[in-house]
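Sequence lines set the chain letters: A, B, ... in the order given, protein chains first and strands last, and positions in each chain run from 1.
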There are 2 protein chains.
Amino acid sequence: MPKLVDPVERREHIVRAVLRLVAREGFAGASLRNVAAESGLNIGSVRHYFTSHTELVLFAMTSMVERVSARLLGHVEAAAHWERRPLAARRATVQAALEELLPLDEDRHAEVAVFVEFAAAARTDPALAAAARKAAAGTRGFVARLTERYVTTDGMRPGLDPAVEAARLWALLDGVATQAVLQPQLVTAETCRQVLDTHLRSLEATRGT
Amino acid sequence: MPKLVDPVERREHIVRAVLRLVAREGFAGASLRNVAAESGLNIGSVRHYFTSHTELVLFAMTSMVERVSARLLGHVEAAAHWERRPLAARRATVQAALEELLPLDEDRHAEVAVFVEFAAAARTDPALAAAARKAAAGTRGFVARLTERYVTTDGMRPGLDPAVEAARLWALLDGVATQAVLQPQLVTAETCRQVLDTHLRSLEATRGT
DNA sequence: CTGGTTTTATCACAGTCGTGATACGAACGG
DNA sequence: CCGTTCGTATCACGACTGTGATAAAACCAG
């Protein structure tokens with residue numbers, strides 16, 4: 001018998017309102033009163049499930065990060081045993097995994113926007129620093145694992161340093177994703193895909209000419 | 001005879017206070033009262049030189065962008081006539097120019113931090129949108145010009161698309177610079193230099209194994 | 001029904017924000 | 001000298017913030 005109000009789902013409902021507000025109006029737009037209005041609840045109700053505003057935004061941030069992390073894990077497993085597959089197939093697998101971090105559709109666009117807001121806010125808000133650092137380290141690890149796996153196989157350019165290549169690819173993805181969110185007129189989804197594809201191909205050994 | 005108060009220098013003095021505050025406390029920290037306190041002036045004095053808060057932050061933003069742009073122009077001229085110079089020297093010139101965009105010292109670190117704050121704020125603040133778009137287009141043009149000039153010479157990898165390479169390099173620089181500011185523990189100045197150097201070298205044709 | 005917990009709702013308080021209005025003094029041209 | 005402009009300073013207003021306190025309503029077990 002489901003209780004009339006499920007506390008867990010209530011919190012998720014509020015979190016969704018927070019993320020919607022941050023994506024639409026920025027970090028400062030996620031005030032308690034705005035969140036209450038956006039979620040259709042009363043301020044008192046919101047405060048009943050989150051003791052403070054800091055806890056609310058922190059929970060919303062970690063909640064979103066966990067959601068993305070779970071999605072990434074599936075792609076890592078897809079690249080588990082690919083030794084015998086052709087190089088183009090391996091590249092496609094890596095590209096599909098990394099595209100999870102790019103704002104190629106509306107949902108991921110909102111995700112990246114929220115992440116940019118949180119990351120920027122965490123620079124000057126000590127309460128968010130630890131969570132932001134953990135999130136950044138997570139995506140860096142994800143990119144690094146894929147890079148290492150992709151680079152240390154046959155058909156790659158000789159002399160590639162996996163650590164440096166991981167940092168380079170991470171910066172590239174982070175940069176193009178942020179640009180696509182902050183300057184959508186200058187950097188489109190197609191730019192993102194093109195840049196990533198070109199980069200992955202540039203890591204491979206040139207056969208001809 | 002210098003007037004007792006030079007309006008131009010007063011505005012610059014206030015702007016410096018704004019940029020200091022944005023770098024230290026974030027975009028929201030640049031309130032009129034904070035700016036007045038930081039600049040050692042009275043709120044009324046600040047309001048005497050800037051009719052509104054929007055005009056203040058907008059002027060501070062464009063002021064900083066112009067300062068950086070002037071610095072970049074010198075580097076572009078340095079790459080004007082280099083056809084007869086060896087490839088390593090050309091790469092060093094390009095690297096020195098692009099390092100102007102990276103937070104390799106305290107000043108540039110603060111600059112990038114301020115720019116990140118403004119760019120993020122401009123996403124949801126229509127008053128800043130035009131200026132942010134102009135600034136982004138400016139740095140993109142700077143990177144694109146250098147890229148095109150660097151890529152379309154002898155000794156480069158065949159089949160490079162200047163437009164795509166410009167977008168890729170711009171995203172890389174923007175990404176690593178932002179990361180170094182938002183996550184200084186994960187991305188250091190050395191990482192920035194290493195990533196940029198590796199990238200520029202990767203554009204060159206591999207001679208031997 | 002009764003009693004206790006959960007949930008919702010409302011008020012008040014102190015703080016900050018941008019801004020309009022106003023006033024006082026200092027500087028300067030005539 | 002006067003009068004006008006410029007610079008500084010201070011007040012008040014309405015709007016917004018997070019939060020403590022409190023009360024009413026809804027729920028559910030005994």
Please report the distance, rounded to the nearest Å, between [atom1] in [X] and [atom2] in [N].
X	N	atom1	atom2	value
Asn34(B)	dG15(C)	CG	P	16 Å
Ile43(B)	dG7(D)	CD1	C1'	15 Å
His53(B)	dT19(C)	NE2	P	8 Å
Leu32(B)	dG20(C)	CG	C1'	13 Å
Phe50(B)	dT8(D)	CZ	C1'	16 Å
Asp125(B)	dG18(C)	CG	P	12 Å
Leu41(A)	dT10(C)	CG	P	13 Å

On the nucleotide [N], are OP1 or OP2 found under 4.0 Å from the side-chain N or O atoms that [X] carries?
X	N	answer
Ser45(A)	dT7(C)	no
Asn42(B)	dG7(D)	no
Tyr49(A)	dT8(C)	yes

Answer yes or no: side-chain N or O of Arg47(B) and base N or O of dG7(D) forming a donor-acceptor pair under 3.5 Å.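 Looking at the base of dG7(D), it does not pair with any donor or acceptor on the side chain of Arg47(B) (distance under 3.5 Å).
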Derivation of the side chain to side chain contact (heavy atoms under 4.5 Å, CB included) call for Glu204(B) and Arg157(B): CA-CA 5 Å; Glu204(B) 304 172 2; Arg157(B) 296 187 65 181; 5.7 Å; no
Less than 4.5 Å apart, side chain to side chain, heavy atoms only: is that true for Ser52(B) and Glu55(B)?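 Heavy-atom side-chain distance check passes, below 4.5 Å.
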Does anything in residues 122-151 of chain A form a ring-ring contact (aromatic ring centres under 6.0 Å, His included)? List the pairs, not counting sequence neighbours.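 Sorted pair list comes back empty.
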Closest-nucleotide mapping onto DNA chain C: is Gly40(A) or Arg33(A) further toward the 5' terminus? I mean the 5' end.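 Looking at DNA chain C, the more 5' nearest nucleotide goes with Gly40(A).
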Residue His48(B), side-chain atoms from C-beta onward, closest of dT17(D), dG7(D), dT19(C):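 Nucleotide nearest to His48(B)'s side chain: dG7(D).
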Among dG7(D), dG18(D), dG18(C), the nucleotide that comes nearest once only the side chain of Ser31(B) is considered: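 Of dG7(D), dG18(D), dG18(C), dG18(C) is nearest to the side chain of Ser31(B).
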Salt bridge (charged side-chain N to carboxylate O under 4.0 Å, His left out) assessment of Arg108(A) paired with Glu99(A): CA-CA 10 Å; Arg108(A) 278 173 289 183; Glu99(A) 277 180 357; 5.3 Å; no
Regarding Ser52(A), tell me which of base, sugar-phosphate or nothing describes its non-hydrogen contacts under 4.0 Å with the strands shown.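 Sugar-phosphate, no base atom in range.
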Take Arg133(B) and Leu128(B) through the test side chain to side chain contact (heavy atoms under 4.5 Å, CB included) and record every step on the way to the result. CA-CA 9 Å; Arg133(B) 178 160 151 49; Leu128(B) 305 176; over 6 Å; no
